[in-house]
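A short worksheet on the structure shown next.
Computed from a prediction, not measured in an experiment: that's the story for all the values here.
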Amino acid sequence: MTKAEFVDTLAKKGGTTKKHAAEAFELIFSSISEQLKKGEQISVPCFGKFSVVKRAARTGINPRTRKKIKIKATKAPKFTAAKALKQVVK
């Protein structure tokens with residue numbers, strides 16, 4: 001499902017215009033992004049949890065040259081599905 005299809009579905013099910021549905025979509029996902037940027041965790045009951053994971057620096061191997069390289073420490077977003085969402089998908 002694309003963003004446009006999602007917004008269309010949201011507008012139909014919500015009984016609102018596509019413009020308002022698109023604004024709601026942007027507001028929700030920008031808010032999630034802002035909280036993750038701050039390092040916060042967002043829990044949505046019956047859906048899941050968004051969080052930030054810190055990946056430690058490590059040594060890797062360049063596949064072309066087979067030389068060892070240093071990979072810097074990074075942060076990455078993580079989503080953990082709630083039990084209720086897992087049951088719906090099954």
Side-chain angles (χ1 to χ4, degrees):
M1 176 180 274
T2 64
K3 177 183 172 183
E5 292 169 338
F6 187 82
V7 169
D8 288 342
T9 303
L10 191 62
K12 287 177 186 173
K13 287 188 177 187
T16 187
T17 64
K18 287 182 184 180
K19 181 179 178 182
H20 286 118
E23 289 172 355
F25 178 90
E26 291 296 329
L27 181 63
I28 290 167
F29 286 98
S30 67
S31 296
I32 290 172
S33 297
E34 288 174 13
Q35 293 304 310
L36 291 176
K37 186 176 180 181
K38 293 178 187 177
E40 299 290 326
Q41 176 177 300
I42 300 101
S43 294
V44 181
C46 299
F47 186 72
K49 179 173 64 173
F50 296 91
S51 59
V52 177
V53 181
K54 294 179 183 177
R55 293 185 179 160
R58 62 192 193 280
T59 303
I61 298 174
N62 182 333
R64 284 190 179 170
T65 63
R66 304 279 186 201
K67 290 184 180 179
K68 291 186 178 184
I69 57 171
K70 291 183 180 180
I71 301 171
K72 295 180 182 179
T74 61
K75 294 180 185 177
K78 178 182 177 184
F79 176 74
T80 306
K83 185 177 180 181
L85 180 61
K86 290 177 184 179
Q87 291 297 323
V88 170
V89 172
K90 279 186 179 180

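For the atom pair S51 OG and I42 CD1, the distance stands at 8.5 Å (nearest 0.5 Å). The distance from atom CD of E34 to atom NZ of K37, rounded to the nearest 0.5 Å, is 8.0 Å. With rounding to the nearest 0.5 Å, the separation of NZ in K78 from NZ in K49 is 7.0 Å.
I32 is not connected to V53 by any chain of hydrophobic side-chain contacts under 4.5 Å among Ile, Leu, Val, Met, Phe, Trp and Tyr, and they are in different clusters. L10 and V88 are members of different hydrophobic clusters when ILVMFWY side chains are connected at heavy-atom separations under 4.5 Å.
Listed here is the closest heavy atom pair of A22 and V7: N-CG1, 3.7 Å. Nearest heavy atoms, T59 versus K68: CG2-CB, 4.0 Å. Across every non-hydrogen atom of A82 and C46, the tightest pair is CB-C, 3.9 Å. In terms of heavy-atom proximity, Q41 sits nearest to S43 at NE2-OG, 3.9 Å.
The list of side chain to side chain donor-acceptor pair (under 3.5 Å) pairs with a residue in residues 15-30, not counting sequence neighbours, reads K3-E26, D8-K18, T17-H20.
Within 6.0 Å of CD1 on I69 lie more than 12 heavy atoms contributed by other residues, nucleotides or ligands.
The aromatic rings of F79 and F47 lie tilted to each other, with the angle between the two planes from 30° to 60°.
At a threshold of 4.5 Å between non-hydrogen side-chain atoms, the residues K83 and K86 do not count as touching.
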Exercise. Would T9 and M1 count as a side-chain contact (heavy atoms from CB on, under 4.5 Å) if you check the C-alpha gap in whole Å, the side-chain angles of each, and the deciding distance to 0.1 Å?
Worked result: CA-CA 10 Å; T9 303; M1 176 180 274; 3.9 Å; yes
